[in-house]
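Only one structure is covered here, and it is reproduced in the block below.
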Amino acid sequence: MDFDKIKDEWNNGDTDSSNEITAKELKVKEAQTPIDRIRRQMKHEFKYQILSLVILAFVPKLFHLSPQLYTTYLVFYGIVVAFCTHYFYKFYTFYKHSYDLSLDSRKNLFWFYYEMKLNIELYKALNYIVAFIMLSFCATVFFLTKDDLMKKVLERISIIYIALNAFVTILIIGLITEFWARFYYGKHIKKLKTVIDSLDEE
Amino acid sequence: MLDTQKIFLQQINDNKGIIHKVAKMYMDNTLDQEDLFQEIVMQLWKAYPSFKGTSKFSTWMYRVALNTAILFFKKDNKKVDKVSLNEQVEIADHNDSHEKEEKIAYLYKAVQELNQIEKALIFLFLENQSHREIAQNLGISEVNARVKLNRTKEKLQQIIKKNSYGF
């Protein structure tokens, strides 16, 4: 088999380029690279998180919180919004840069692979932080509410039980986050790793 | 239409043969080839702001097109794949009367058995790129590009022999 001959035939052959590419083709539907799927997923999650923050803003009105609890809620809500803004900015920067595919293949794949891994860790951290803040707020409500029912509950349960409960709750949230991240992003990361490995094979 | 878009369309139409070849190289049936073609066009447009004009448009296009193809995965719809693959074989059997075209058609069939990186190596080699250019495009050393390309050529020869593609 003569590769040089094939090369000549390849370069002199018909490239099936009869149809003109139009502006219509620049707006496209469903993208199919793992990077696009990750981008799409990130976009969805961003929308859901914004929606959650908006819903959370109405919690004091919906549950008719007392003025004391209302102020406490605002403090916790402010912290959650601050953390979310910080992380959203980081995700957005990554999202924007991910459109540049003009680096060489290796740099491009490595950049995306490690940035994605880093962003997944940031995503997990954000979930832990938000869960922790929510739990802290629940604990504050628990201790600030001085009605009879709360007093009875506090008399009957030990502090160890409360601490254990908080620990288990954080653990469950952690496991859900871990599963969520693996389910949505894990398979795409795996595909990227397979391509990187085939590039690195000696 | 915006001026940038006009310039982009002009440049991309002048070089669209590259995208057609990459799509045929990476996908084995017409439907997937069309999808990949569309995907490359879209990625090129989205990455266009990063094109500073320091290199030739075609050089930049090779990179983006190959990076897109390397990362492109088919739709999980086996039924569609099967039908269109048969269609493509029929087209190849009836229309490719010239020996040259037939050889290229068999080459496209044979490369389907290569992995994403091996396809990129063979593609860049066929596009007359030197070992140095191949290495630069893939981000590997020149020696590694040479070794990998030789191995891929051997593998391709074996595939062609195994399938009696008549080279």
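Just so we're on the same page: letters track the sequence lines, and every chain starts at 1. Both backbone and side-chain heavy atoms feed into the values below; hydrogens, waters and symmetry mates do not.
Separation of atoms CD (B:Gln11) and CD1 (A:Ile21) is listed at 12.0 Å; rounding is to 0.5 Å. Atom NZ of B:Lys103 sits about 15.0 Å away from atom CH2 of A:Trp10, to the nearest 0.5 Å. Separating the NZ atom in B:Lys21 from the CG atom in A:Asn11 is a distance of 5.0 Å, to the nearest 0.5 Å.
Using a 4.5 Å heavy-atom threshold, the side chains of A:Arg106 and B:Asn137 count as separate. In this structure the side chain of A:Ser105 reaches within 4.5 angstrom of the side chain of B:Ile70, judged on heavy atoms.
A pairwise comparison of heavy atoms in A:Glu9 and B:Ile104 identifies C-CD1, 3.9 Å as the closest pair. The two atoms that bring B:Ile117 and A:Ser198 nearest to each other are CG1-OG, 3.2 Å, heavy atoms only. B:Leu71 and A:Asn108 make their closest contact through CD1-ND2, 4.2 Å (heavy atoms, listed as atom of the first residue, atom of the second, distance).
Within a 6.0 Å sphere centred on CH2 of A:Trp180, other residues, nucleotides and ligands contribute 12 heavy atoms or fewer. More than 12 heavy atoms of other shown residues, nucleotides or ligands fall within 6.0 angstrom of atom OH in A:Tyr77. No more than 12 heavy atoms of other residues, nucleotides or ligands lie within 6.0 Å of NZ in A:Lys90, so this atom counts as exposed by the packing criterion. Other residues, nucleotides and ligands contribute over 12 non-hydrogen atoms within 6.0 Å of the CG atom of A:Leu62. Dense packing is recorded around NZ of A:Lys7, with more than 12 heavy atoms of other residues, nucleotides or ligands lying under 6.0 Å away.
Not a single donor-acceptor pair under 3.5 Å links the side chain of B:Asn13 to the backbone N or O of A:Glu20.
For residues 123-136 of chain B, a heavy-atom distance under 4.5 Å to chain A picks out B:Phe123, B:Phe125, B:Leu126, B:Glu127, B:Asn128, B:Gln136, given by residue number.
Of the two parts of B:Phe37, only the side chain, counted from C-beta on, holds a non-hydrogen atom closer than 4.5 Å to a non-hydrogen atom of chain A. Only the backbone of A:Thr22 comes within less than 4.5 Å of a heavy atom in chain B; its side chain stays farther off.
In terms of heavy-atom pairs under 4.5 angstrom with chain A, the leader among B:Leu138, B:Ile12, B:Ile19 is B:Leu138. Heavy-atom pairs under 4.5 Å with chain A peak, among B:Val41, B:Ile122, B:Leu66, B:Leu121, at B:Val41.
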